[in-house]
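Predicted, not measured: the structure shown is a model, and the values here were computed from it.
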Amino acid sequence: MARDFSKVGVVGLGTMGSGIAEVLARNGVQVVGVEKDEAAVQRGQATIEASTQRAVDGLKLTAPERTDLLTRIALSSDLSSVADCQLVIEALPEKLEVKVDVLRQLHDLLAHDAILGTQASALSVTELSVGTGRPQQVIGMQFFNPAPIQPFMEIVRTVVTEPDVVEDVVALAERLGKEPVVCDDSPGFIANALLFGYLNHAVTMLETKYATREDIDAAMVYGCGYPMGPLALLDLIGLDIAYEGLETMYQRSGDRLHSPAPLLKHMVSAGLIGRKVGAGFYTYEAPGSSTVVADVNTPSDEAASGSVRDVSSVGVVGSGTMATGIVEVFAKAGFDTIVVARTDEKAAAAKAKVAKSLDRAVSKGRLAEDARDEILARVTPAGSREALADCDLVVEAIAEELSIKQELFADLDRICKPGAVLATTTSSLPVIQCAAATSRPGDVIGMHFFNPAPIMKLVEVVTTVSTDPEVTRTVLGLCRTTKKIPVTCSDRAGFIVNALLFPYLNDAVSMLEAHYATIEDIDTAMKVGCSLPMGPFTLLDVVGLDVSLAIQQTLYSQFRASGWKPAPLLEHLVTAGYLGRKTGRGFKDYSS
Ligand SMILES: NC(=O)c1ccc[n+]([C@@H]2O[C@H](COP(=O)([O-])OP(=O)(O)OC[C@H]3O[C@@H](n4cnc5c(N)ncnc54)[C@H](O)[C@@H]3O)[C@@H](O)[C@H]2O)c1
């Protein structure tokens, strides 16, 4: 019989504690919430009241249910008021000395069989437990932010946590409607271990002026379908919490990628710690608000203004998936589009692929038949590059091999009229190497579309040291005309999305290799805990393990960060021919 937790204490009513108190009370548990002083009690109360009111406004809770919920929460600044609780969860700042001090006092106050739960996200639960006098009854209870909404929990056991304590807390998590995963005490557990390196890298990108905060965030939202970008997420988590978490993970892992980016430290020192104070990477309407308001870093229309080149005709070189997708994008947006392949037959086949894709849209009722015919009439197939002579923009999407692309760019230089914009859709090669193959590097730019191009909103617009700002403005405008979301970034391996995504996927493989957690648990932690569209192994199998390995190798060879070395398990699977869905087996087996 699992213990029945009818009364639970929550110490610390900040971002997490207030949410934990709410979720407990919502599920019928009596809650005693404790803060450090009366002012903090008032703040905690206001947070809970506002959050439950939002739930009522959003029809997630009725007004009488809210009243009931609030009557189940008693707040105090006196720690001894939790003395008769069977479980007390600490949600204090991520500082060892603060947590140990309170946990020790709780040990003295509570009945001998009461359980101590810690919300520590990077500190060692084992280290916290030894100071308490009851290490067997200490357990990590990692709720995710916002606690009332996120349906996932990591339950962290140490080598001495008693099995019945784990069982009881798992049963409680289920009663609260959460999906719990039990894991051992390791830096960052599952989700934060994978998440924090990614967040830290995003801060480094901003710090090195690689891309703007808006573009970094938009890249992950529109390129990967994440619910929010990394910098907005840091504002939600709290920069102080993330800083302490990274610092602790670095102390424990020694991985330089966990060493907090200096900018993070500076922002914490300046008090810019995120939504809870109304300012972090972004500025908010008020402390606790999620509404972003303009500030000095908001891009102005003025910065985007300036001359642009006229573009009415577009050429696309290539006949594969990306090329035909890009042809569809431009033709749909009203541009006369020439698709150039190596032979007339191949060019005709490329146009036929576009037609097939449009036919699918017609059969699904998303496109009218006459609109399809108009779009197709704008597409001209050509078996010779000479047909590109009068195009205002040429986008190449041919084989991902530098020598092949350089030969093409040298030829485009010969063929295209002066002032034509020449774009490559490479996902891993340096754009500047394509530019250098021409006598007009200022006209060369990267337009990294995502697959499938007609559907995916994001385009990474990659500028080299030579790209003419007029060319950049022209391409940004064109992307908007074609209803894409453009982000600008520098010419570095992985641009924004792949540089942020693949090291995280590689970390997940290393975690699996270390036997810390299973494929299913890691996928659940990231999908359910972090609301990502899919877990890392599902995604790796979709992308293809060979493609993923190649991207990781490119990143590693450019940046040489030891933590980015491709995981041996990934290499072995590729060697074995287990490439993911396309071969029926990758990390998972798709044969049945
Ligand atoms: N913020 C997140 O997204 C997130 C997610 C998962 C886990 N966590 C973890 O949850 C814990 C709490 O994080 P948070 O974001 O809620 O921090 P927070 O800064 O928002 O809240 C901490 C609260 O503890 C209170 N406090 C400090 N000393 C106290 C004392 N002696 N007695 C009672 N209250 C005291 C503070 O007044 C504050 O309200 C940390 O361990 C953090 O790592 C945070």
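In this structure the side chain of E401 never reaches within 4.5 angstrom of the side chain of Q406, judged on heavy atoms. Side-chain contact between F559 and R492: present, with at least one pair of heavy atoms (C-beta onward) separated by less than 4.5 Å. Contact check for V421 versus I445: side-chain heavy atoms found under the 4.5 Å cut-off.
Put simply, the side chain of Q553 never gets that close to the backbone of P566: no donor and acceptor are under 3.5 Å apart. Of the possible donor and acceptor atoms, none in the side chain of T488 sits under 3.5 Å from a partner among the backbone N and O of V461. Distance alone, capped at 3.5 Å, is enough to place a donor-acceptor pair between the K484 side chain and the M456 backbone. A donor-acceptor distance shorter than 3.5 angstrom exists from the side chain of D413 to the backbone of S439, with no hydrogens or angles considered. At distances below 3.5 Å, at least one donor-acceptor pair connects side-chain atoms of T204 with backbone N or O atoms of N200.
Of all the heavy atoms in L263 and F281, the pair that sits closest is CD2-CE2, 4.1 Å. Across K527 and G535, no two heavy atoms sit closer than the pair CB-N, 4.0 Å. Across all their heavy atoms, M322 and N451 have their closest contact at SD-CB, 3.8 Å. Pairing each heavy atom of L246 with each of P260, the nearest pair is CB-CG, 3.9 Å. Counting all heavy atoms, side chain and backbone alike, E369 lies closest to V362 at CG-CG1, 3.7 Å.
The pair D541-K588 does not meet the salt-bridge criterion, since no charged nitrogen lies less than 4.0 angstrom from a carboxylate oxygen. Here E285 does not pair with R275 in a salt bridge; the nearest charged N to carboxylate O distance is not below 4.0 Å. Salt-bridge formation is detected for the pair R309/D468: a Lys NZ or Arg NE/NH1/NH2 atom is positioned less than 4.0 Å from an Asp or Glu carboxylate oxygen. Ion pair E207/K265 not flagged as a salt bridge, since none of the NZ, NE, NH1 or NH2 atoms sits closer than 4.0 Å to an Asp/Glu carboxylate oxygen.
Side-chain N/O atoms of D217 and Y282 include a donor and acceptor closer than 3.5 Å.
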